[in-house]
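Let me begin by presenting the structure, written as structure tokens, before commenting on it.
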Amino acid sequence: MKFGVVVFPGSNCDADAYFALQDDLGQKVEYIWHGDTDLGKVDAVILPGGFSYGDYLRTGALARFAPVMGAVAQFAARGGPVLGICNGFQILLEAGLLPGAMLRNACLQFRCEWVHVRVESTATAFSRRCHRGQVLRLPIAHGEGNYYAGPEARRELEENGRVVLRYCDPDGRESAAANPNGSLAHIAGISNARGNVVGMMPHPERCCSRLLGGTDGRSILLSAVGFS
Amino acid sequence: MEYLATISVMLKATVLDPQGEAVRKSLASLGYGQVQKVRVGKHLELVLEAADREAAGALVDELCHRLLSNPVIEEYSFSLDEGEGPR
């Protein structure tokens with residue numbers, strides 16, 4: 001099992017993901033350059049957080065056309081596990097690998113804090129080692145995490161169990177106060193129909209070690225191990 | 001022919017615009033309570049080569065659809081001027 005972490009110009013959580021996978025979780029991992037047109041021999045792909053291309057135009061809008069994204073789309077189409085974290089989630093939306101779009105946080109502030117999310121679906125490559133209803137404590141750091149989808153896309157997500165994570169309070173209850181960015185239906189993470197592509201705003205790679213304040217990210221990243 | 005395309009990209013009317021709402025509140029706090037609604041969008045100017053106006057329009061449409069706007073949340077409109085336009 002080998003993870004590949006894609007590096008875009010402006011990625012800034014690529015090293016965090018690499019470190020968490022290698023040092024905290026004991027996995028093989030390598031970087032994949034945005035200009036590459038093939039992924040090499042990796043079994044899972046992480047699109048890390050950051051500010052690819054300076055967030056110019058829209059978050060993720062320019063990264064979506066990076067040469068590597070063609071290979072990522074092919075890998076996803078073959079059922080390979082792909083996780084977009086924060087800016088990586090925004091890139092997956094712009095690339096059309098996941099439905100919907102990101103709006104600026106309703107509060108207009110950049111929110112950098114710990115939040116709680118409830119696991120809604122375990123039928124994905126990045127939640128299969130969690131249990132349904134489990135409350136995870138994860139860090140966020142974003143200015144545009146206000147997830148939006150039209151009524152049709154929203155219905156499609158809800159009816160097919162494709163909402164993976166929802167913001168909640170420490171007891172697992174949804175509320176406006178527990179939602180840091182105003183996202184639709186408190187959505188923090190979603191998947192594609194097959195469950196191999198997942199996008200999430202919280203940062204699991206930042207909480208795989210007690211030293212960093214939490215270990216709830218481990219089950220997210222380790223879910224990809226053995227996924228097929 | 002050279003054309004100047006002037007493009008406006010706005011959030012759809014059905015999508016909440018927190019930035020516009022924050023600007024409206026600031027205007028209200030400056031005493032401009034008569035401003036009832038503010039929407040914030042993007043203004044882009046492109047200089048491009050095309051055989052004629054129709055081809056230029058088709059190209060700008062394509063660019064807006066593929067990259068310059070996100071059809072999930074935004075809508076766009078544009079005008080075309082011959083040459084680099086009235087600058």
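Here is the naming used below: chain letters follow the sequence lines, and residue numbers restart at 1 for every chain.
Of the residues considered (A/G182, A/G150, A/G100, A/P99), A/G100 shows the highest number of contacts with chain B, using heavy-atom pairs under 4.5 Å. When the candidates B/D17, B/L68, B/V9, B/L16 are compared by the number of heavy-atom contacts under 4.5 Å with chain A, B/L68 comes out ahead.
With hydrogens and angles left out, the side-chain atoms of A/T124 and A/S127 include a donor and acceptor closer than 3.5 Å. In this model, a donor atom of one side chain and an acceptor atom of the other lie less than 3.5 Å apart for B/N70 and A/E94. Judged purely by distance below 3.5 Å, without hydrogens or angles, the side chains of A/S52 and A/N87 pair a donor atom with an acceptor atom.
Only the side chain of B/E74 has a heavy atom closer than 4.5 Å to any heavy atom of chain A. Contact annotation for A/L57: both backbone and side-chain heavy atoms come within less than 4.5 Å of a heavy atom of chain B.
Across A/H186, A/H142, A/R104, a single residue satisfies side-chain hydrogen bond (donor to acceptor under 3.5 Å, both in side chains) together with A/N181, and that is A/H142.
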